Colleague: 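Questions regarding the structure given below will be posed in turn.
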Amino acid sequence: MSNFQIKGLANYKSTYQKSVDDPKAFWDAVAAENFVWQKKWDKTLSWDFEKPEVKWFEGAKLNITENCIDRHLETRGDKTAILFEPNDPNEKALHISYNELSDRVNRFANVLKSNGIAKGDRVCIYLPMIPELAVAVLACARIGAIHSVVFAGFSSTALATRINDSDCKMVITSDGSFRGDKTIDLKSIVDDALLDCPVVATVLVAKRIGSNIQMKDGRDKWLQPELDAASPICPPEVMDAEDPLFILYTSGSTGMPKGMVHTTAGYMVYTAYTFSNVFQYQEEDVYWCTADIGWITGHSYIVYGPLANGATTVMFEGTPSYPDCGRFWQIVEKHKVNQFYTAPTAIRALAKESLSNVSGHDLSSLKVLGTVGEPINEEAWHWYDEYIGKQNCPIVDTWWQTETGGILISPIPNATKTKPTYATLPLPGIQPALFDENGVELNGNNQEGRLCIKHPWPSMARTIWGNHNRYRETYFSAFPGTYFTGDGALRDEDGLYRITGRVDDVIIVSGHNLGTAPIEDAINEHLFVAESAIVGYPHEIKGSALYGYVTLKDTVGDMSEEELKTEINALIAKLIGPIAKLDKIQFTNGLPKTRSGKIMRRILRKIACGEMDNLGDISTLLNPEVVESIKESALV
Ligand code: WTA
């Protein structure tokens, strides 16, 4: 094993130094020693951040499922690969061994083929957190189809947008999903979406809740009979290193969601490498990441990273508060979880509840705790450390993005000393830099600026599906020659990094990235709305919450403000999904604008945060008088 399981700070430092001094030699060794290849690469890396174009392991041939499944069968065939914990604690957990996973993935891959899916085709997966989701993802990878998983909390409109953007030929869904004490009718959301998706020819439907659903003749098929009839042997498609593995959509500050494209070899190498080092996974361990596979965290650290390491990875269908707020800790105790990885928003929500939810459970199996998705505040960090880790488990505050494919900055247990709220040090191969607003690099310690990465790493997204120009504009134009993350960060006196948050118009609510523009577009669709602006404000549990300023047209009929607020949120839920609903809506007579007509969000942000006395100079605005009236009726 090459550089897997770094131990000690000195070893981290020397490994890191090697990775910077000669990145090609470094990744060459990691890739050669830890994976199975059908053919080795001709060239380790070629790159040009101006174009931008990045290629890793060019010329190599492989299939990621051989690395995640086949190669484990001989030594780990009976080991649990996926441990499925259902929503209902009284329903039995399912231990899916590597042998069984192989059987399921091969059958599913043959079902895809017999339904007309071939290498390079896009397949949309809209499923709850049930085993079929992981199996569908791997089945696509087996035959070289490009999966596009859409989080099953998105609305039919949002689903249709994503299906059409990448011309998916097939949708894989279920009759419904369990979510705490609720059931959600996923199939009818898909039916609505498909009214606008001409390219979709087939819908495969997994049975989960047993509800009575409509099946459209000639299009919809139940999954199970197809699987039963399929052969359990499907030879892995031969993939080029740079063939796309998947598309995953993430919100941008403007316009359409961005379909980030990840390719095969680099993504595999980097997610496997970081999984091993960041979580210090040992052969007998049970690892649990609470994310949904609909997000990048689930792709990289529930499915691909753990399985490439032959790990046991837990998939949890439910929520942290069902049937009560002790559910996470009950599951940790039940399955003797060793590594636990969750989001700050979940930690904050659970820390608010009675400690009796925690104290009744034996958490002594835990060795490493992780967080991801947004900055973790000091209080939440200490609660996690004290009550869950019993001050005996390193906390890995892992910073990364959908675009980065894997974790870029994080402590490594037994090497890096942790520091509350700090993601600390770059992982081997990652070269972070801070820049000021004028594009000047800030060298040395004790600096705060915009976080960029100067050198490519294997799992970086290669493009935005169908829009390479937007990829260049978004990530490679602000600070030419580097990848710009969109985040602000500071580097302390010891060189440790703390991520301070987004510096663009993306707001992270409960760990979900939301662009302001799409939400404003949704609100503006309302017949009575003239214009709107969305800003974030700090929220005790969600991290950030959404504050909407809405200017109405003259005619609003006889609707009350309350009715309008309800309608606006219903519209957002319909066009995007319930996760984007506004926490506060203030009706205004107008929005503060510059003389060129640009909305001054800075002022609106301050008002939403209650910083009324600190608005700066507003005299140059087109309409300074509007600010006074907004301040007077602010909802703070
Ligand atoms: C934020 C999630 C602070 C950041 C893997 C980033 C974080 C965005 C952290 C990406 C962290 C993620 N500390 N902020 N440990 N991890 N973020 O694409 O703003 O859903 O740009 O990927 O989440 O969110 P995404």
Side-chain angles (χ1 to χ4, degrees), residues 149-151 153-154 246-253 257-262 267 270-271 274-275 278 289-305 341-348 369-378 380-381 384 395-411 416 418-427 430 432 448 450-453 459-461 464 474-475 478 483-490 496-515 536 538 542-544 579-580:
V149 183
V150 176
F151 172 62
F154 277 115
F246 66 86
I247 301 169
L248 185 59
Y249 287 88
T250 186
S251 306
S253 37
K258 297 172 288 190
M260 304 313 306
V261 177
H262 283 282
Y267 176 82
Y270 194 81
T271 54
T274 50
F275 172 77
V278 171
C289 166
T290 70
D292 192 292
I293 294 175
W295 309 114
I296 191 69
T297 306
H299 281 61
S300 302
Y301 299 109
I302 295 178
V303 182
Y304 288 114
Y341 190 27
T342 195
T345 187
I347 298 169
R348 287 190 295 262
L369 300 177
T371 88
V372 60
E374 55 185 311
I376 182 166
N377 50 309
E378 189 120 15
W381 195 98
Y384 202 27
I395 295 180
V396 291
D397 177 352
T398 66
W399 171 81
W400 58 297
Q401 311 178 292
T402 304
E403 295 86 337
T404 69
I407 299 167
L408 299 198
I409 305 184
S410 167
T416 328
T418 60
K419 176 172 177 180
T421 77
Y422 279 72
T424 71
L425 293 169
L427 294 182
I430 304 307
E448 179 162 3
R450 289 162 190 236
L451 180 62
C452 296
I453 313 289
S459 67
M460 64 189 294
I464 292 174
T474 311
Y475 305 106
Y483 165 82
F484 173 46
T485 64
D487 282 327
L490 63 82
L496 305 182
Y497 286 87
R498 175 184 183 172
I499 313 304
T500 48
R502 301 292 310 182
V503 294
D504 55 9
D505 285 324
V506 171
I507 304 172
I508 305 187
V509 179
S510 299
H512 304 316
N513 292 7
L514 299 169
K542 300 176 172 189
S544 297
I579 50 177

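Both ligands and their constituent atoms are indexed starting at 1 by order of listing. Note that the structure is a prediction, hence the values are computed from the model and not measured. What's counted below: heavy atoms across the whole structure, side chains too, no hydrogens, waters or symmetry copies.
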Colleague: Test of understanding: given a 4.0 Å heavy-atom threshold, classify the contact between Ile376 and ligand 1 as side chain, backbone, both, or neither.
Modeller: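 It is neither part, as no heavy atom is under 4.0 Å.
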Colleague: What I want to check is whether the side chains of Tyr341 and Thr398 have a donor and an acceptor closer together than 3.5 Å.
Modeller: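 On atom types as modelled, these side chains qualify, holding a pair under 3.5 Å.
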Colleague: Apply the side chain to side chain contact (heavy atoms under 4.5 Å, CB included) test between Ile407 and each candidate in Leu427, Ile430, Thr271, Val372; give the one that qualifies.
Modeller: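 Single pass found, and it is Leu427.
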Colleague: For atom 22 (O) of ligand 1, which candidate among Thr297, Thr402, Thr398 provides the closest heavy atom?
Modeller: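 Closest candidate by heavy-atom distance is Thr402.
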Colleague: Can you say whether the rings of Tyr301 and Trp400 are parallel (under 30°), tilted (30 to 60°) or perpendicular (over 60°)?
Modeller: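 It falls in the perpendicular class, over 60°.
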Colleague: Counting only heavy atoms, which portion of Ile508 has something under 4.0 Å from ligand 1: side chain, backbone, both, or neither?
Modeller: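 Near ligand 1, Ile508 shows its side chain, while the N, CA, C and O stay back.
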Colleague: Testing Tyr304, Phe151, Phe246 for ring-ring contact (aromatic ring centres under 6.0 Å, His included) with His299, which one passes?
Modeller: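 It is Phe246; the other options fail the test.
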Colleague: Do any N/O atoms on Thr371 end up under 3.5 angstrom from N/O atoms on ligand 1?
Modeller: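 No; every N/O pair is 3.5 Å or more apart.
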Colleague: In the protein, what heavy atom is nearest to atom 16 (N) of ligand 1, and what distance, to one decimal place, separates them?
Modeller: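 Answer, as residue, atom name and distance: Gly373 N, 3.1 Å.
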Colleague: Hey, is ligand 1 close enough to Ile499 that some N/O pair sits below 3.5 Å?
Modeller: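 For ligand 1, there is no N or O atom that lies under 3.5 Å from one belonging to Ile499.
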Colleague: Given Tyr301, Trp400, Tyr422, identify the one with the heavy atom nearest to atom 12 (C) of ligand 1.
Modeller: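 Selected option, by shortest heavy-atom distance: Trp400.
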Colleague: Which protein heavy atom lies closest to atom 24 (O) of ligand 1, and at what distance to 0.1 Å?
Modeller: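 The closest heavy atom on the protein side is Asn513 ND2, 3.1 Å.
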Colleague: Short list, please: which atoms of ligand 1 are under 4.0 Å from a heavy atom of Asp487?
Modeller: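 With Asp487 as reference, the close atoms of ligand 1 come out as 4 (C), 6 (C), 19 (O), 21 (O).
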Colleague: Is any side-chain heavy atom of Cys289 closer than 4.5 Å to one of Thr297?
Modeller: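 They are in side-chain contact.
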Colleague: Is ligand 1 under 4.0 Å from a heavy atom in the side chain of Glu374, in the backbone, in both, or in neither?
Modeller: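 It is the backbone that gets close, since no side chain atom is under 4.0 Å.
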Colleague: Identify, by atom number and element, the atoms of ligand 1 in contact range of Val372, meaning under 4.0 Å from any of its heavy atoms.
Modeller: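 Matching atoms, with element in brackets: 5 (C).
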Colleague: What residue among Asp487, Thr485, Thr424 forms side-chain hydrogen bond (donor to acceptor under 3.5 Å, both in side chains) with Trp399?
Modeller: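 So the option named by the test is Asp487.
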Colleague: State whether a side-chain donor-acceptor pair under 3.5 Å links Tyr267 with Ser300.
Modeller: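 Side-chain D/A pair, Tyr267 to Ser300: present.
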Colleague: Of all heavy-atom pairs between Glu374 and Thr345, which one has the smallest distance, and what is that distance?
Modeller: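 It is OE2-N, 3.1 Å.
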Colleague: Using a 4.0 Å cut-off to any heavy atom of Asp397, which atoms of ligand 1 qualify?
Modeller: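 Here the atoms of ligand 1 in question are 11 (C), 13 (N), 15 (N).
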